Amino acid sequence: MPNLSSANPRAAFYARLDQQSMAPLWESLHALVPPRPATEVKPSVWRYAQMRPYLMEAGELITAAEAERRVLILENEGLRGQAAVTQSLYAGLQLILPGEVAPAHRHAQSALRLVLEGEGAYTAVDGERIPMSRGDFIITPAHTWHDHGHDGQGPVVWLDGLDIPLVRFMGAGFAEKASDSMQQVTKPQGDSLARYGCNMVPVDYQAAPETPSRLCHFRYVDTRAALTQLLRSTPDVHTGHKLRFVNPATGRSPMQTIGTYVQALPAGFSTAPLRSTDSTVYCCLEGRGLARIGELEVAFDERDIFVVPSWVTVQLEAAVECVLFSYSDRPVQEALGLWKEERS
Ligand code: 1HN
């Protein structure tokens, strides 16, 4: 490797190159094309019990309307200041209190909301109010109008997952506020679930492969019923009982940029070591256990969130029966021919 301190003519040359906004590739070639993924993302965990008081404090300091979205961002320690939980994805905890409205807007970024606590809130997506129950997962695909409200009692908290770093990287972000803070309700509650979420679609509906899902509500009652049934069969050695959510009209990911998954692990079950190129955000919906993420051992409990970076080996141990939700950029990597995994 060229050494700057012992090669002054080179150092002087580099300084002159720098003035021209140029740089010598040979100084960074191996870092640019590492032999294996070398991500800045760090294995990490956010414990719900620790985060919740801060969220409630935010609830006393600012209204949802003033904040537009009252969210505490979960920043990966390897990516501080970038609003990034992995290199491509964002995570945050959002709080809405009774009577509040988070005003209608839309943007190029796609979002998911995984409901962690409380009842009675809703997300309105393209004119339909979707009620939020614990464990439900609601999506607002790119450019769909959405607002949140809360007609019930007590705080409601959810995990927001967005593709903010990815869209920023692409320089493709647009956003727009609606003139009215709440969308006109144009569809009865349950409409999209009936049309797109019951093994049927409207008779003349044809979805192109890249079409985002018209089903935006993935109810935990349905997810849990499927997992309860699967728990009667033999789990996969590496993943337990793991399913991916789909756009029922295409069989593809509900959003093109964010893949969403759920897995059940029987009590006492340990998964065999696995690594993949998609850094993944996990949220424990039920149970508790231990995640071995590379060198780090993370004890997780209900509602805790942890990150497994790209190409870092993960092993999950369920102390009791567990349900884990997760999201990653796997569909993007697959579309680009980049995704790889290794099972040992
Ligand atoms: C957003 O629109 C929401 O709609 C949540 O609830 C978090 C973070 C960054 C940009 C837009 C929401 C967001 C966001």
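Computed from a predicted structure; not experimentally measured. Each ligand, and each atom within it, is numbered from 1 in the order the structure gives. The residues of the chain are indexed from 1 along the displayed sequence.
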For Y205, give me all partners under ring pair (Phe, Tyr, Trp, His ring centres under 6.0 Å), at least two apart in sequence or on another chain. Y196
Listed by chain and number, what are the ring pair (Phe, Tyr, Trp, His ring centres under 6.0 Å) partners of H241, not counting sequence neighbours?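 Residues passing ring pair (Phe, Tyr, Trp, His ring centres under 6.0 Å) with H241: none at all.
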For ligand 1, list the protein residues that place a heavy atom within a distance below 4.0 Å of one of its atoms, sorted by chain and number.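 Residues within 4.0 Å of ligand 1: R69, Y90, Q94, H105, H107, R113, H146, H148, D160, L162, I164.
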Under 3.5 Å side-chain donor-acceptor pair for E117 and Y48: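 Yes, Y48 and E117 have a side-chain donor paired with an acceptor closer than 3.5 Å.
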Indicate, with yes or no, if the rings of H143 and H107 have centres closer together than 6.0 Å. no
Other residues, nucleotides, ligands: >12 heavy atoms within 6.0 Å of E176 CD: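 Atom CD in E176 is packed in, count exceeds 12.
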Tell me the salt bridge (charged side-chain N to carboxylate O under 4.0 Å, His left out) pairs involving residues 77-95, sequence neighbours left out?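 Non-adjacent pairs meeting salt bridge (charged side-chain N to carboxylate O under 4.0 Å, His left out): E75-R80.
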